[in-house]
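Keep in mind that this is a model prediction, so the values were computed, not measured. Any value given below was found using the heavy atoms of this structure, including those in side chains, with hydrogens, waters and symmetry copies removed.
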Amino acid sequence: MTFRMKAVSCTGIITFALLTGTAFAEPKTLMLHQWATGSDAAAIAKLGEMFEEAGGTWEQTAIAGHTANTLAKLRADVISGNAPAAVQLKGPEIAEWNETGMTANLDDLAAEEGWEDTVAPELLPVMKPEGSWVAAPMNIHRINWLWGSPAVMEEAGVAEMPKTWAEFNEACDKVVAIGKICLSHSTADWTDSTVFEVVVYGMDIDLYRQAFVEGDVDALRSDGMIAALEQFRKMTSEYMDPGMVGRDWDTMSHLVGNGEAAFHIMGDWTIGLLTAGGFEQGTDYVCAQAPTDWGQPGFILNADSVVFFQQNDPDYVEGQQLLASTILSPEFQTIFNQAKGSIPARLDVDLSEGFNPCQQIAQADLQASIDAGTLVRSMAHNMTIPQAQRGAIMDMVTEFVSVADMSAEEAANAMADAVEAQM
């Protein structure tokens with residue numbers, strides 16, 4: 001049974017509707033999201049097209065900019081008694097809105113379509129924070145990618161992508177010696193924290209879980225965190241360049257593509273930026289898991305998702321069923337993720353055709369990390385601790401980047417203090 005057929009079957013017994021004269025619900029939706037520009041807007045437009053092709057009426061409200069803008073709009077709509085049918089939310093935000101009792105229950109649809117058996121297990125507690133499905137995941141982004149320039153590596157005498165932080169430092173010393181940038185970066189709270197969480201994860205996965213998943217302030221003050229900050233300081237002071245201040249997002253990845261920088265640490269949306277810049281995987285750039293010192297496959301996960309809010313209008317209730325079914329259909333998961341650079345939230349989608357080789361590597365590494373027990377969610381991308389604690393960490397990480405004489409120990413204590421103040 002296709003997702004379209006399943007969505008129609010959820011409307012009730014057609015014969016009963018005909019005999020009683022009850023109006024047959026016509027699926028509609030109004031989706032609130034922040035994908036307002038570029039490939040993001042094109043990807044969400046495809047969701048609208050598929051929803052309409054399946055018989056629905058599509059409406060959307062796109063709020064450009066930071067997630068806070070979308071949340072402000074959502075709060076205003078909820079307060080006015082006009083909660084949207086579907087909203088782009090993620091991580092702890094889903095649990096927080098679920099606690100209001102206003103989210104819709106998707107358990108019947110999830111059971112019918114077998115979501116429990118196909119969605120990546122690390123996403124299950126996020127999509128069903130109190131045991132019931134209230135959200136549908138659209139994708140999985142991998143955060144701990146290392147992007148490399150084959151040309152710069154060859155010129156510097158770096159034989160392969162570094163697998164440990166010691167190898168990374170050794171490679172960077174060689175790159176700097178030939179006058180090239182080792183690590184391309186653009187400093188901002190989220191980019192700084194993205195690189196830093198990759199460092200912490202790669203040095204000590206247990207510390208990552210304690211500090212960034214559990215929010216343990218003792219872990220934030222620990223010797224392990226100080227060591228991670230010292231590694232991060234080495235990267236920001238020796239391997240990044242002064243041009244990182246104010247550098248635009250596209251240029252971060254293009255420095256690798258055009259052979260001006262050896263490496264770049266960033267999520268898989270980098271694929272879209274490199275592709276848009278005309279760069280080819282395997283020729284202009286290569287990808288590998290970012291360094292880890294514990295010798296196993298690893299994966300830091302981020303995911304976009306759609307949360308559903310209770311509706312009184314039967315058309316919008318029916319539309320929620322159709323939209324959720326569409327989002328988790330193999331068809332949408334394929335089309336959307338090919339455009340985004342991410343991989344499907346479903347583990348059963350074939351990536352052998354139409355996907356970038358780095359996406360194929362990501363799917364294999366995801367399964368390997370599940371098997372190894374090393375899959376974690378991203379703090380920097382709002383998948384773990386509450387927003388206030390996350391913001392406190394991110395502010396301190398960026399302050400550490402900008403204040404050159406702040407010691408690693410001072411930064412660790414300041415980070416712990418800032419998080420503790422938000423508890």
If you round to the nearest 0.5 Å, how far is CH2 of Trp147 from CG of Asp268? 6.5 Å
List the steps, then state whether side chain to side chain donor-acceptor pair (under 3.5 Å) holds for Gln367 with Asp371. CA-CA 6 Å; Gln367 186 59 59; Asp371 295 341; 3.1 Å; yes
Are there over 12 heavy-atom neighbours, none belonging to Asp107, within less than 6.0 Å of that residue's CG? yes
Nearest 0.5 Å please: distance from the CD1 atom of Ile393 over to the CG atom of Asp189. 12.5 Å
Using only heavy-atom distances, determine whether the side chains of Glu113 and Ser325 contain a donor-acceptor pair under 3.5 Å. yes
Would you please indicate yes or no on a ring centroid separation below 6.0 angstrom for His264 and Trp269? no
Measure across Cys172 and Phe263 and return the closest heavy-atom pair with its distance rounded to 0.1 Å. SG-CD1, 4.4 Å
Does Leu89 offer a backbone N or O that forms a donor-acceptor pair with the side chain of Ser305 under 3.5 Å? yes
Flag the pair Thr194 / Ile143 as yes when at least one side-chain heavy-atom distance between them is below 4.5 Å, and no otherwise. yes
Answer yes if the side chains of Gln359 and Arg142 hold a donor-acceptor pair under 3.5 Å, and no otherwise. no
From His254 atom NE2 to Asn258 atom CG, the distance as rounded to the nearest 0.5 Å: 8.5 Å
Establish, from distance only, whether the side-chain atoms of Asn356 and Gln360 form a donor-acceptor pair under 3.5 Å. no
Between Ser402 (side chain only) and Glu399 (backbone N and O only), is there a donor and an acceptor less than 3.5 Å apart? yes
Under the 3.5 angstrom rule, does the side chain of Arg233 hit a backbone N or O of Phe400 as a donor-acceptor pair? yes
Is it true that a side-chain atom of Gln321 and a backbone atom of Glu318 form a donor plus acceptor pair closer than 3.5 Å? no
Using a 6.0 Å cut-off, check whether atom CG of Asp223 has over 12 heavy atoms from anything other than its own residue. no
Using a 4.5 Å cut-off on heavy atoms from C-beta on, say whether the side chain of Val134 contacts that of Asn105. no
What's the shortest heavy-atom distance between Phe355 and Ser342, and which atoms? CE2-O, 4.5 Å
Examine the side chains of Asp350 and Ser352 and answer whether a donor and an acceptor come within less than 3.5 Å of each other. yes
Would you check if Glu93 and Asn382 make a side-chain contact, meaning some heavy-atom pair closer than 4.5 Å? yes
In this structure, which one of Glu238, Gln231, Lys174, Lys234 forms a side-chain hydrogen bond (donor to acceptor under 3.5 Å, both in side chains) with Asn169? Gln231
Could you work out, with salt bridge (charged side-chain N to carboxylate O under 4.0 Å, His left out) as the rule, every residue matching Glu52, not counting sequence neighbours? none
Between Tyr285 and Phe279, is the gap from one ring center to the other below 6.0 Å? no
Ignoring hydrogens and angles, tell me if any N or O in the side chain of Gln363 forms a donor-acceptor pair with the backbone of Val349 under 3.5 Å. yes
Salt bridge or not for Glu214 and Arg209, using N-O below 4.0 Å? no
Begin with the C-alpha distance, continue with both residues' side-chain angles, and end with the deciding distance and a verdict on side-chain contact (heavy atoms from CB on, under 4.5 Å) for Glu230 and Ile226. CA-CA 6 Å; Glu230 288 171 344; Ile226 292 171; 3.8 Å; yes
Measure the shortest side-chain to side-chain distance between Trp97 and Val87 over non-hydrogen atoms and say whether it is less than 4.5 angstrom. no
Roughly how far, to the nearest 0.5 Å, is CD1 of Ile370 from CG of Leu301? 8.5 Å
Determine whether Tyr201 and Phe196 make a side-chain contact, defined as any pair of heavy atoms from C-beta on separated by less than 4.5 Å. no
Under the criterion side-chain contact (heavy atoms from CB on, under 4.5 Å), I'd like the reasoning laid out for Asp192 against His185: C-alpha separation, chi angles, the key distance, then a yes or no. CA-CA 8 Å; Asp192 294 339; His185 188 66; 2.7 Å; yes
Should the pair Asp241-Arg247 be classified as a salt bridge under the 4.0 Å nitrogen-to-oxygen rule? yes
Any sub-3.5 Å donor-acceptor pair from Gln320's side-chain atoms to Ala85's backbone N or O? yes
If we ignore hydrogens and angles and just use 3.5 Å, is the side chain of Thr374 paired with the main-chain N or O of Pro297 as donor and acceptor? yes
Check whether any side-chain N or O of Asn98 sits under 3.5 Å from a backbone N or O of Ile94 as a donor-acceptor pair, and report yes or no. no
Measure from the side-chain N and O atoms of Ser186 to the backbone N and O of Met252, and report whether any donor-acceptor pair falls under 3.5 Å. no
Check Asn337 against Gln333 and note the closest heavy-atom contact, atom names and distance. ND2-O, 2.6 Å
Kindly determine whether Leu366 and Leu347 satisfy side-chain contact (heavy atoms from CB on, under 4.5 Å), including the steps that lead there. CA-CA 9 Å; Leu366 173 64; Leu347 299 178; 3.6 Å; yes
So, Thr29 and Glu59: side-chain donor and acceptor under 3.5 Å apart, yes or no? no
Sequence neighbours excluded, which residues qualify as side-chain hydrogen bond (donor to acceptor under 3.5 Å, both in side chains) partners of Glu49? Lys46
So that I can tick it off, tell me whether Glu122 and Arg377 are bridged by a salt bridge, with the cut-off set at under 4.0 angstrom between side-chain N and carboxylate O. yes
Looking only at heavy atoms, the pair that brings Met266 and Trp145 closest together is O-CB, 3.2 Å
Would you give the length of the straight line joining atom CD1 of Ile271 to atom CD of Gln338, rounded to the nearest 0.5 angstrom? 11.5 Å
Do Arg221 and Met415 come within less than 4.5 Å of each other through their side chains, counting heavy atoms only? no
Side chains of Asp77 and Ser80: is there a donor and an acceptor less than 3.5 Å apart? no
Taking Lys90 for the side chain and Val126 for the main chain, is one N or O donor matched with an acceptor at less than 3.5 Å? no
How far apart are the closest heavy atoms of Gln389 and Gly215, and which atoms are they? OE1-CA, 4.3 Å
Residues Glu116, Trp133; criterion side-chain contact (heavy atoms from CB on, under 4.5 Å); working and verdict: CA-CA 10 Å; Glu116 200 89 14; Trp133 287 88; 3.4 Å; yes
Distance in Å, Ile343 CD1 paired with Thr334 OG1, rounded so as to fall on 0.5 Å steps: 12.0 Å
Could you pull out the closest heavy-atom pair between Met379 and Tyr208, with the gap in Å? N-OH, 3.2 Å
Under a 4.5 Å cut-off applied to non-hydrogen side-chain atoms, are Val200 and Met225 in contact? yes
Side chains of Pro344 and Asn139: does their closest heavy-atom pair fall under 4.5 Å? no
